[in-house]
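This report concerns only the one structure given below.
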Amino acid sequence: MTDTNAAPRRPISRRPISAYLVIVIALGTIGFLYAAVAPSGRAATSSSQEDLVVKGNQLFLQGCSSCHGLQGQGSEVAPSLIGVGAAAVDFQVGTGRMPLAERGAQPLEKTPRYTQADIDAMAAFVQSLGGGPLVPRPEEYAASGTTPEDLAEGGELFRTNCASCHNFVGKGGALTHGKYAPDLTDTTPKHVYEAMSTGPANMPIFGERTLNDEEKQRIIKYLVHIRNMPDPGGNSLGRIGPVSEGLVGWLVGIGLLVVATVWIGARP
C-alpha cells in the first residue's frame with residue numbers, strides 16, 4: 001500500500017555540484033594565467049646573461065676598445081674579435097697575454113689583470129658579437145680516469161700535431177721571425193683545450209675535423225702525465241732532447257777528460 005501520509009521527496013539539488021564546478025574552473029583559470037605571466041627560470045637566466053654582457057661591454061670599452069675597436073671590429077694594430085668566441089677571451093685574458101704590455105710584441109703569459117668574474121663578463125660580451133667557441137666545461141678538459149691507452153694515443157697525437165713547435169714533452173721551442181711556442185709545463189688543462197680550439201698567435205685551430213673532443217682530452221692527459229713523471233736518471237736537463245744532453249756531454253764530460261789528460265801529461 002502506498003502511505004498517503006508520507007512527506008513527498010524533495011528533488012536532489014544540483015546547486016552544490018555547480019558551485020564546485022565553478023570553483024574548479026576558476027582555480028584552473030587562475031593557475032593557467034599565473035603560469036603564463038609568471039617569470040620562468042629561462043627568463044631569469046636570459047636576464048642574468050644580458051647583465052653579464054652589459055658588464056663585459058663596459059670592461060671591454062675601458063681596457064680593450066682602444067686597440068680592438070668599440071664593437072670589437074678590429075683596427076690597424078689589433079685583429080677583429082667578431083666570431084672568435086668566449087674561449088679565446090678566456091684564454092688570452094685568463095693567461096695574462098691580454099692586454100698587451102707592448103704593441104707589436106708576441107703576447108707573453110703573465111699574471112692576469114682581471115678577476116675570473118670580469119673575464120667571464122668580457123667573454124660573454126665578445127661571444128654576443130658573433131658567436132665562436134665557448135668556454136669548455138670541466139668535463140671537456142678534466143684529465144680524469146687516465147688509462148695506458150689514453151696516454152699512448154695522447155702522446156702520438158701530441159707528437160704528430162704539436163711537438164714540431166712545443167717540443168715532444170711540451171717544453172716549447174723557437175719559431176721563425178723571433179717568435180716562439182710557449183712552454184706548456186704550467187698551462188692549465190682548460191687553457192690547453194682553449195688554445196687548441198681557438199688557435200692563438202701562430203698556433204693553428206684544431207677543429208673537430210682535425211682533433212675531436214676525445215682526442216683533445218687525451219692530449220691533455222698526456223701533458224698532465226709527463227709533467228709529473230719522475231727523472232730516474234737524475235737531472236732532466238729540461239727534457240728538451242739530445243741537444244742539451246750533447247752540450248752537457250761535450251762541455252762537462254769531454255772537458256773533464258781534457259783537464260785530466262793535461263794534468264796527467266804535466267806530471268814529472
Side-chain angles (χ1 to χ4, degrees), residues 68 72 78-98 100 106-110 112 116 119-120 122-124 126-127 129-177 179-229 239-240:
H68 292 284
S80 170
L81 298 181
I82 298 175
V84 301
V89 178
D90 189 75
F91 173 82
Q92 296 285 0
V93 184
T95 59
R97 288 176 166 84
M98 291 290 166
L100 273 176
Q106 180 174 348
L108 300 176
E109 185 174 2
K110 55 185 181 296
Q116 188 59 50
I119 294 172
D120 293 340
M122 285 189 286
V126 172
Q127 184 71 28
L129 297 178
L134 296 170
V135 176
R137 300 181 302 275
E139 58 267 22
E140 292 182 287
Y141 59 79
S144 60
T146 304
T147 64
E149 291 76 15
D150 291 334
L151 297 179
E153 183 174 352
E156 183 177 352
L157 290 169
F158 184 85
R159 288 187 292 271
T160 301
N161 298 280
C162 316
S164 59
C165 296
H166 290 283
N167 178 270
F168 64 96
V169 289
K171 286 293 183 178
L175 301 175
T176 58
H177 304 292
K179 299 181 180 180
Y180 69 96
D183 186 353
L184 303 178
T185 303
D186 298 323
T187 306
T188 64
K190 181 179 76 166
H191 289 150
V192 173
Y193 189 99
E194 290 172 339
M196 288 188 284
S197 300
T198 61
N202 298 291
M203 184 172 173
I205 298 176
F206 293 97
E208 287 296 316
R209 295 184 178 182
T210 306
L211 293 173
N212 58 38
D213 290 341
E214 185 177 353
E215 291 172 332
K216 291 174 184 175
Q217 289 176 6
R218 289 181 171 177
I219 289 177
I220 292 172
K221 291 178 180 180
Y222 169 74
L223 286 173
V224 172
H225 175 74
I226 60 176
R227 69 176 57 165
N228 297 323
M229 285 179 58
R239 295 183 181 176
I240 57 176

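Note that the numbering runs from 1 along the sequence shown for the chain.
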Of all heavy-atom pairs linking Ala123 and Ala86, the shortest is O-CB, 3.5 Å
Drop me the distance from Thr185's OG1 to Asn228's CG, to the nearest 0.5 angstrom. 10.5 Å
Ser164 meets the side-chain hydrogen bond (donor to acceptor under 3.5 Å, both in side chains) criterion, sequence neighbours left out, with none
Once salt bridge (Lys or Arg N to Asp or Glu O under 4.0 Å) is applied, do any residues pair with Asp120, and if so which ones, sequence neighbours excluded? none
Test your reading of the model: is there a side-chain donor-acceptor pair from Arg227 to the backbone of Gly170, 3.5 Å cut-off? no
Do the side chains of Pro112 and Val93 get nearer than 4.5 Å, heavy atoms only? no
Taking only residues two or more places apart in sequence, or in another chain, which ones meet Phe158 in a ring pair (Phe, Tyr, Trp, His ring centres under 6.0 Å)? Tyr222
Using the salt bridge (Lys or Arg N to Asp or Glu O under 4.0 Å) criterion, which residues pair with Glu149? Sequence neighbours excluded. none
Backbone of Leu134 reached by a side-chain donor or acceptor of Gln127 within 3.5 Å: no
Heavy atoms only: give me the nearest Ser80-Gly72 pair and the separation to one decimal. OG-O, 3.3 Å
Expected list for residues 194-205: side-chain donor-acceptor pairs under 3.5 angstrom, two or more places apart:
from, atom 1, to, atom 2, distance (Å)
Glu194, OE1, Phe91, N, 3.4
Ser197, OG, Tyr193, O, 3.0
Ser197, OG, Lys216, NZ, 3.4
Thr198, OG1, Glu194, O, 2.7

For the backbone of Pro182 and the side chain of His166, can you confirm whether one donor and one acceptor N or O come within less than 3.5 Å of each other? yes
Would the distance check show the side chain of Asp150 and the main-chain N or O of Thr146 forming a donor-acceptor pair, the cut-off being under 3.5 Å? no
What distance do Gln217 atom CD and Asn212 atom CG have between them, rounded to the nearest 0.5 Å? 9.0 Å
dist His225:NE2 -> Leu151:CG (nearest 0.5 Å) comes out at 5.0 Å
Could you name each residue pair satisfying salt bridge (Lys or Arg N to Asp or Glu O under 4.0 Å) that touches residues 86-95, not counting sequence neighbours? Asp90-Lys190
Interatomic spacing from CD1 in Ile219 to NZ in Lys221 - rounded to 0.5 Å: 12.0 Å
Closest non-hydrogen contact found for Asp213 with Glu140 is OD2-OE2, 4.1 Å
If we ignore hydrogens and angles and just use 3.5 Å, is the side chain of His68 paired with the main-chain N or O of Pro79 as donor and acceptor? yes
Measuring from atom CD of Glu139 to atom CZ of Arg137, what distance do you get when rounded to the nearest 0.5 angstrom? 4.5 Å
Please report the shortest heavy-atom distance between Ile82 and Leu129, naming the atom on each side. CG2-O, 3.8 Å
Any chance you could measure Asn161, atom CG, to Glu156, atom CD, to the nearest 0.5 Å? 10.0 Å
